[in-house]
Amino acid sequence: MSTEPTIEARIDEAAKTVGSVWPIHSFVTANPLSGFEDLPFGEAVTQAADLLGGRGYPSRETFRAALEDGQIDREQLRDALDARGFDDDPETLLERLDTAVESEPADAADERVDHVLTKWLAAFLDEGSAKWAMPDRDAGFYTAFRAVAEHDGDVPDAGVVASLPETPAAAIEAVLDAHPEQQWIPIFEEQLAALPGWTGFIKQRADADRDWQSACPMTLVDYLAVRLSLLDAFGVDIETDTGPATPDADPADELAEAFLSAWEASYRAAVVDHVADESRALAERETAESERPDAQLVFCIDTRSEVFRRHLEATGAYETHGYAGFFGVPMEYSGYDAEGPVAACPPIVEPQHRISETPVDEETRARHDRLTSIREVAGEVLESLKTNPASAFGFVENAGSGYGVALAARTLVPGRVREFLTSADDAVPDDHEFCDQLVSHQFTHADGLPVGLTHDEKVEYAATAFDLMGWTEFGRLVVFTGHASETANNPFDSSLDCGACAGNPGGPSARVLARICADSDVQAALRERGFAIPDDTVFLAGQHNTTTDEVVLYGDVPASHEADLETLRADLETARENAAAERAEAMGVGAAAGADEVRRRAGDWAETRPEWGLAGNAGFVIGPRELTSEADLDGRAFLHSYDWTTDDDGDALEAILTGPMVVTQWINTQYYFSTVDNAVYGSGSKITHNPVGNVGVYQGNGGDLMTGLPLQSLMAADDEPYHQPLRLSTVVHAPVDRVTEAMAGHESVTKLLDNGWLSLTVVDPTQDHRAFHYAGEMEWAPMDDGDTVEPTPEAAATEPAVADD
């Protein structure tokens with residue numbers, strides 16, 4: 001019996017180097033080099049440069065600007081340079097630093113293959129944008145292409161294409177028959193890397209196996225069968241190098257690594273020092289009895305929440321907390337009139353429930369349906385007139401002046417247009433105004449997901465939330481606040497929504513947890529488990545608009561809490577004004593412009609930068625809010641609430657390190673690589689974006705799908721990055737042995753740390769609030785003396801390796 005791996009197995013192996021790419025309507029930020037995370041960072045960027053052609057480190061100019069601005073501490077830099085044997089001064093070394101990657105000239109035949117292939121990929125993978133769908137999509141990509149290939153004048157009638165086999169595997173074998181089998185995986189890797197945007201999207205689509213994949217199935221086997229057949233037809237040589245697997249490192253990379261490490265250490269030191277100082281201060285205050293807050297608001301750990309939380313806390317006795325924005329409920333969410341359910345949880349989590357909206361107010365529902373129907377019919381007629389060849393020219397000729405007025409209004413007075421459209425939208429009731437979420441368990445859906453949650457599941461999700469945040473007391477109002485963005489004419493709008501909700505708004509998730517916690521039976525069970533929820537605590541939900549900093553609250557309160565709610569609304573408005581002023585200043589328009597400017601940007605169809613999103617992200621702090629509440633973190637840090645004193649078994653910390661920390665690393669690396677090489681790992685300028693099939697964007701009129709963030713999300717000017725490309729620095733407030741125990745057994749997490757994809761520092765409140773930096777292989781180095789002690793075999797799994805003073 002043959003033990004040779006199948007073609008499918010070889011393709012799966014080759015596809016490990018391809019990063020997944022999510023559809024643009026549900027954009028998920030992810031490390032474009034995720035397939036290289038099992039390698040040290042330096043080796044990974046070297047191999048990726050060889051395969052994909054992308055640069056792995058910031059440019060000389062970026063480092064020089066950071067050094068001149070004081071972002072890189074010169075002592076930290078000197079230490080990093082000395083450790084790597086560089087003796088010259090930084091300015092001299094910068095002149096030797098050239099991190100550019102030379103790209104090979106494109107082959108004309110390869111370009112013709114890409115032209116044909118991407119044409120049919122766009123047609124097959126379209127998600128409802130095309131008026132005339134490609135035939136035979138239900139049979140799969142290879143079969144559909146096989147049916148149309150002979151009718152495509154761009155495809156030569158030669159090679160395998162002249163008589164395509166019935167199956168994709170047979171087509172691949174036919175092309176590779178003349179090549180030794182040891183070349184097959186390198187060939188697959190090279191061909192998958194030729195169009196990494198499309199192949200990453202196909203990989204993610206097949207892995208997710210959602211509605212469009214079921215309706216129009218496609219796999220990487222299909223893709224490679226068509227690609228290899230086209231290469232054969234065009235006479236392209238697919239011979240590949242089977243020499244050493246690891247290319248030689250660029251000599252400039254070690255120097256770039258020194259500058260990058262020093263830059264990261266400079267940022268990290270300031271955060272760690274502040275956390276350590278506040279840890280000492282917090283210990284001294286622990287004897288004082290804390291006052292009950294007027295309200296507690298739980299925000300997503302998103303960096304944009306840090307800005308708003310800071311300004312809200314300044315308005316009154318409010319306590320804010322950070323928790324992953326899907327609020328711990330892994331669900332598919334189906335809005336009342338949505339086209340279908342969407343995943344509302346991080347990509348590393350599989351949905352476990354389906355939550356749907358069901359109308360309870362028939363009068364409001366009927367009004368919603370009537371107004372929505374009018375709007376949809378008008379939109380469909382307008383779209384049909386614009387796109388139908390029989391009517392398009394006449395429509396444009398007759399309606400051109402009206403369009404001109406509309407375009408002028410959107411350009412000259414976008415704020416007024418936004419107010420008008422908002423008023424029109426307000427006339428249509430939102431789902432939450434007439435719908436209830438089916439939170440209690442109903443039945444199991446045909447797709448296998450249960451609709452709703454059982455009582456025990458509801459109790460567990462609520463208890464997990466309180467455990468992870470370390471809650472021991474509750475205010476009169478508790479508000480779970482999701483977030484979403486607002487932007488006009490922006491293909492990347494979902495990249496500004498909640499990453500923990502897979503690029504979707506977080507309001508529905510907040511509503512689910514609020515409904516769970518408001519359940520009297522759930523509260524009774526939580527009290528039995530030690531959570532002292534007062535009878536006068538009311539749970540609400542909200543959604544934070546991160547573009548305008550407006551917060552909408554959902555839910556009703558009893559008469560006894562109406563004054564509390566009115567006060568909260570007023571303070572939220574004050575926080576909005578102050579946070580908007582800070583954001584306006586960060587966008588270079590001045591704080592005085594404030595709320596008016598951020599609203600204008602939200603409604604301006606020509607605005608390439610409605611907000612900064614998560615640009616600037618560099619840190620992740622896991623600990624009580626008191627450690628950071630006195631610091632202006634400049635919207636650069638993810639903040640997850642955690643109290644080690646309420647987490648005796650370390651389960652809560654383990655969940656944070658293996659969940660939110662991994663997701664924030666994804667976000668961080670997406671921003672990092674999109675900044676250091678936007679042409680390869682980003683998506684270029686929005687100005688020349690061409691949306692395709694509701695799945696992604698081209699640059700220009702065809703080619704590969706762009707995989708990352710646009711320039712305008714990262715750059716203050718063409719040659720001036722706004723986002724500082726730093727790897728994530730995580731700071732945990734907990735005993736260092738507890739952190740070690742929490743990571744034990746999670747190789748995927750320790751491998752990320754060991755390979756330098758992010759860093760981890762622990763401020764230990766049981767060791768005089770000293771800081772210990774993770775040095776690799778479960779070793780810790782005290783930051784005050786730099787010594788590292790190797791653990792004994794017995795202690796390695798349970799005790800930290802630290803040096804005593």
Side-chain angles (χ1 to χ4, degrees), residues 70-71 73 266-323 469-473 475 479 481 544 549 568 571-572 574-583 585-586 591 616-646 656 664 728-734 761-771 783-784:
Q71 296 166 12
D73 180 81
S266 302
Y267 169 81
R268 182 167 57 245
V271 176
V272 170
D273 287 348
H274 181 86
V275 169
D277 289 343
E278 291 301 315
S279 178
R280 296 184 185 94
L282 180 62
E284 294 172 0
R285 293 197 304 267
E286 281 180 344
T287 54
E289 187 173 338
S290 60
E291 295 183 5
R292 187 186 187 192
D294 292 337
Q296 293 159 302
L297 292 96
V298 183
F299 291 85
C300 181
I301 63 175
D302 188 285
T303 58
R304 291 166 290 184
S305 298
E306 185 271 327
V307 177
F308 190 85
R309 289 171 62 182
R310 184 164 20 94
H311 288 289
L312 178 61
E313 290 165 347
T315 66
Y318 296 115
E319 189 177 282
T320 72
H321 296 265
Y323 190 43
M469 293 185 289
W471 276 21
T472 57
E473 62 177 358
V479 185
T481 314
H544 172 208
D549 277 313
L568 175 59
D571 290 338
L572 286 170
T574 300
R576 180 193 66 79
E577 293 175 357
N578 295 331
E582 181 175 328
R583 294 193 198 279
E585 188 168 16
N617 75 84
F620 182 24
V621 181
I622 302 169
R625 173 57 173 158
E626 291 90 337
L627 299 178
T628 56
S629 59
E630 298 300 318
D632 179 354
L633 297 175
D634 197 27
R636 301 188 63 195
F638 301 93
L639 301 177
H640 201 303
S641 296
Y642 172 72
D643 186 346
W644 71 274
T645 63
T646 65
I656 296 171
T664 55
L728 187 71
S729 294
T730 299
V731 181
V732 179
H733 182 258
T761 306
V762 173
V763 173
D764 190 336
T766 68
Q767 296 194 53
D768 195 29
H769 311 278
R770 295 171 62 204
M783 289 186 67
D784 50 7

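By convention here, the first residue in the shown sequence is residue 1.
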Spacing of [X] atom [atom1] and [Y] atom [atom2] [to the nearest 0.5 Å]:
X	Y	atom1	atom2	answer
Arg636	Arg304	CZ	CZ	15.5 Å
Arg310	Thr628	CZ	OG1	10.0 Å
Phe638	Thr664	CZ	OG1	5.5 Å
Arg268	Met783	CZ	CE	6.5 Å
Phe620	Thr761	CZ	OG1	13.5 Å
Asp294	Thr315	CG	OG1	9.5 Å

Are the side chain of [X] and the backbone of [Y] linked by a donor-acceptor contact shorter than 3.5 Å?
X	Y	value
Arg309	Thr320	yes
Glu306	Gly635	yes
Ser641	Gly322	yes
Ser305	Cys300	yes

Is [Y] close to [X] at the side-chain level, that is, under 4.5 Å between some pair of heavy atoms?
X	Y	value
Val307	His311	yes
His321	Gln296	yes
Leu297	Leu572	yes
Glu473	Pro293	yes

Parallel, tilted or perpendicular: which one describes the rings of Phe308 and His544, with boundaries at 30° and 60°? tilted

Check step by step if side chain to side chain contact (heavy atoms under 4.5 Å, CB included) holds for Tyr642 and Met469. CA-CA 5 Å; Tyr642 172 72; Met469 293 185 289; over 6 Å; no

Nearest non-hydrogen partners of [X] and [Y], listed with the distance:
X	Y	result
Leu312	Tyr318	O-CD1, 3.7 Å
Leu639	Ile301	O-CG2, 3.1 Å
Gln71	Ser266	O-CB, 3.3 Å
Pro765	His733	CB-NE2, 3.8 Å
Asp632	Asp634	OD1-N, 2.9 Å
Tyr267	Gly619	OH-N, 3.5 Å

Taking CD in Glu630 as the centre, count heavy atoms belonging to other residues, nucleotides or ligands within less than 6.0 Å. Is the count above 12? no

Among Val762, Thr730, Val275, exactly one meets side chain to side chain contact (heavy atoms under 4.5 Å, CB included) together with Ile622. Which residue is that? Thr730

Side chains of His769 and Asp764: is there a donor and an acceptor less than 3.5 Å apart? no

